[in-house]
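Data first, discussion second: the structure below is written as structure tokens.
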Amino acid sequence: MRMDVVTIFPEYLEPLDVSLVGKARARGQLDVRVHDLRAWTHDRHHTVDDTPYGGGPGMVMKPEPWGEALDAVLASGGSGDGGPVLVVPTPSGRPFTQELAVELAARPWLVFTPARYEGIDRRVIDDYAARCDVREVSIGDYVLAGGEAPVLVMVEAIARLLPGVLGNAESHRDDSFAPGAMAGLLEGPVYTKPPVWRGREVPEVLVSGHHGRIGRWRRDEALRRTSENRPDLVAGAEPEAFGTHDRATLAELGWEPGPDGRFGRSSRPVEE
Ligand code: ADE
């Protein structure tokens with residue numbers, strides 16, 4: 001997979017040389033190219049921003065450098081790729097989810113356009129949207145100083161899904177938010193050796209060797225954690241997502257099915 005990042009802070013993307021993404025690049029599984037937007041300015045001060053039309057605080061990124069930069073990056077692609085997806089990080093975008101990560105991981109070429117200041121002149125997004133697949137994406141309901149950190153987040157989430165990048169393909173199977181048996185539930189706790197640490201034992205079931213009991217325990221822990229940390233996921237789940245045992249666990253956690261079959265809070269969960 002190829003990824004291009006156009007930014008005024010190329011050094012902000014240096015973490016992409018490290019760890020999982022760095023190794024994927026070194027192995028040739030991922031081709032990441034970082035470009036300095038200021039290379040496409042022509043004035044002495046390499047200006048990339050200007051005051052907003054209509055007034056207001058802050059500055060807006062000028063369209064000309066972005067237009068030249070993106071034209072050059074797009075022109076460097078092969079014709080067989082079907083064109084890139086342009087990923088525009090912005091707090092006003094659609095939420096970046098595991099589902100979107102999976103979708104983007106299946107595309108051969110992504111171009112990221114992290115902005116600073118109040119964002120990029122709208123005409124840039126409109127111009128490329130007329131020619132390619134443009135996604136405005138937010139990584140969460142908070143405002144960062146720029147789109148570079150969101151690019152690091154998205155690249156890592158996407159890269160770990162590429163074939164051969166994680167050692168064990170099973171590793172994504174139980175991810176929180178992954179499709180499959182645990183769909184819609186958060187992953188429960190994990191343990192490793194030693195069996196006792198600071199007097200704290202590993203849950204007995206995990207050393208029992210009984211796969212049925214272990215699977216059930218993991219599912220109950222996932223339900224518990226989801227109920228505690230993300231009740232919205234329990235309330236939004238399709239009723240068919242929960243089997244008989246799940247329903248008993250949910251009842252213990254203070255949930256009951258409503259008239260439409262979906263679960264709602266009946267009471268506070270019973271304290272242990
Ligand atoms: N730029 C600033 N804040 C952002 C956010 N939450 N998501 C994506 N891009 C951003």
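Numbering of ligands and ligand atoms starts at 1, following listing order.
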When you pair each N or O of ligand 1 with protein N or O atoms, which pairs come out under 3.5 Å?
residue, atom, partner, partner atom, Å
ligand 1, 3 (N), L144, N, 3.0
ligand 1, 6 (N), G140, O, 3.2
ligand 1, 6 (N), Y142, O, 2.8
ligand 1, 7 (N), I139, N, 3.0
ligand 1, 9 (N), T90, N, 3.1

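For D246 (side chain) and G243 (main-chain N/O), a donor-acceptor pair under 3.5 Å exists by modelled atom type.
A side-chain donor-acceptor contact under 3.5 Å links W255 and S227. One side chain, S76 or R2, offers a donor N or O that lies under 3.5 Å from an acceptor on the other.
Residue-environment remark: CZ (R94) stays at or below the threshold of 12 foreign heavy atoms within 6.0 Å. Counting heavy atoms of neighbouring residues, nucleotides and ligands inside a 6.0 Å radius, atom CD of Q29 exceeds 12 of them.
For the pair D4 and P84, the minimum side-chain heavy-atom distance is 4.5 Å or more.
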